[in-house]
Peer 1: 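Provided herewith is a single structure, encoded as structure tokens, for subsequent inquiry.
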Amino acid sequence: MDNGGGQARTRLARRAVVEAARTLFVDRGYGATTIEAVSDRSDVPPATVYRLFSSKFGILKALLDVSIAGDDQALPLLDRPEVAALLAEPDPEKLLAGFARINVAINERSGPIYQILVSAARSEPEAADLLVQYTQQRQQGQGQIARALARAGALRADLRERDAADIIHVFMSPEVYRLFVTDRGWSRARYEQWLKNALVQQLLPRTTS
């Protein structure tokens, strides 16, 4: 009878733990953060934290998932209506502008967590495996963009679909975002406009005015 209430409490506890971990991982670093510290900050008992996430690494994975998606819904990014709508967009410039917007939002949310994962991957096999999985997921999603353009006949005549996917993968990478926004101080709006223009120039046929 109380199943709905129990699920709601579990979801609230998960959110509290994930948000506490976000703050602690960024402030202290992944290695220096303990389950006990996450428990104290989230006000969720350690036993419950372990039950929900199994380990500190489980918390990091959940945090990365939430940061990429923007919420804790169990729905992959590629299956979300806004992404499906963009992949079906007949105007290639609008398609690229939409994915530039989504990419910037993802990098804005997940940038610090991605750097934590990269750092952890240097010494922890589980983190290294997760980094590989995350990169493969990005490649899969960005390959869908290239495929949509290729199927619509929108790519430059001298550009193969695979090469288009490589270009998208590099330009939309967390590393490029970090170089422009974090290191060089570009605003989100400026970077988003640059990304959209760069993708259009690299992927689509040049138009003459």
Side-chain angles (χ1 to χ4, degrees), residues 2-83 99 101-142 144 169 172-179 181-183 188 191:
D2 191 43
N3 190 43
Q7 289 179 349
R9 285 192 295 273
T10 295
R11 193 168 183 178
L12 287 173
R14 286 184 63 89
R15 286 179 179 174
V17 170
V18 165
E19 289 310 309
R22 183 193 303 276
T23 300
L24 292 170
F25 288 164
V26 171
D27 290 349
R28 301 182 183 182
Y30 178 74
T33 299
T34 64
I35 291 285
E36 289 70 24
V38 174
S39 170
D40 287 343
R41 187 174 185 90
S42 63
D43 199 26
V44 175
T48 303
V49 176
Y50 279 109
R51 178 173 60 81
L52 293 175
F53 299 95
S54 299
S55 64
K56 186 171 68 171
F57 174 75
I59 300 174
L60 176 61
K61 185 179 185 305
L63 175 55
L64 184 63
D65 289 343
V66 169
S67 298
I68 291 169
D71 56 50
D72 57 2
Q73 295 182 40
L75 185 64
L77 207 59
L78 282 175
D79 295 337
R80 300 198 171 209
E82 62 270 27
V83 173
F99 278 110
R101 182 178 64 254
I102 289 175
N103 177 261
V104 172
I106 290 172
N107 279 314
E108 188 174 48
R109 292 191 302 263
S110 65
I113 311 307
Y114 176 76
Q115 291 304 314
I116 290 167
L117 175 61
V118 170
S119 178
R122 298 189 185 107
S123 58
E124 299 196 17
E126 279 187 321
D129 289 344
L130 180 59
L131 182 58
V132 170
Q133 292 172 25
Y134 172 60
T135 302
Q136 291 173 341
Q137 288 171 2
R138 283 201 301 115
Q139 290 173 336
Q140 180 184 5
Q142 291 155 355
Q144 292 293 325
H169 183 70
M172 287 187 167
S173 69
E175 290 79 10
V176 171
Y177 174 86
R178 185 169 183 266
L179 283 171
V181 177
T182 304
D183 293 358
R188 169 181 171 161
Y191 176 72

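Since we're looking at a predicted model, the values are computed, not measured. Reckoned from all heavy atoms, side chains included, excluding hydrogens, waters and symmetry mates.
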Peer 1: With sequence neighbours left out, write down each residue that passes side chain to side chain donor-acceptor pair (under 3.5 Å) with E175, or none if nothing qualifies.
Peer 2: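 With neighbours one apart ignored, the set is Y114.
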
Peer 1: Report the residues that fulfil side chain to side chain donor-acceptor pair (under 3.5 Å) with S67, sequence neighbours left out, ordered by chain and then residue number.
Peer 2: R22

Peer 1: Between CZ of R9 and CD of Q7, what distance do you get to the nearest 0.5 Å?
Peer 2: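 That separation rounds to 10.5 Å.
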
Peer 1: Can you check side chain to side chain contact (heavy atoms under 4.5 Å, CB included) on R14 and F53, steps first, answer last?
Peer 2: CA-CA 8 Å; R14 286 184 63 89; F53 299 95; 3.6 Å; yes

Peer 1: Should L60 and I113 be marked as a side chain to side chain contact (heavy atoms under 4.5 Å, CB included) after you check the CA-CA gap, both sets of side-chain angles, and the distance that decides it?
Peer 2: CA-CA 8 Å; L60 176 61; I113 311 307; 4.1 Å; yes

Peer 1: Could you go step by step and tell me if L130 and E126 meet the side chain to side chain contact (heavy atoms under 4.5 Å, CB included) rule?
Peer 2: CA-CA 6 Å; L130 180 59; E126 279 187 321; over 6 Å; no

Peer 1: Return the set of residues passing ring-ring contact (aromatic ring centres under 6.0 Å, His included) with F99 (not counting sequence neighbours), or none when no residue passes.
Peer 2: none

Peer 1: Which residues pass the side chain to side chain donor-acceptor pair (under 3.5 Å) test with E108, not counting sequence neighbours?
Peer 2: R188

Peer 1: Give me each pair satisfying salt bridge (Lys or Arg N to Asp or Glu O under 4.0 Å) with a member in residues 34-60, each pair once, sequence neighbours excluded.
Peer 2: none

Peer 1: Looking only at heavy atoms, what is the nearest atom pair of S55 and I35, with distance?
Peer 2: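 That closest heavy-atom pairing would be C-CD1, 4.0 Å.
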
Peer 1: To the nearest 0.5 Å, what is the distance between OH (Y30) and CD1 (I116)?
Peer 2: 10.0 Å

Peer 1: Between R178 (side chain) and G111 (backbone), is there a donor-acceptor pair under 3.5 Å?
Peer 2: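 Not a single qualifying donor-acceptor pair exists.
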
Peer 1: Return the set of residues passing side chain to side chain donor-acceptor pair (under 3.5 Å) with R28 (not counting sequence neighbours), or none when no residue passes.
Peer 2: none

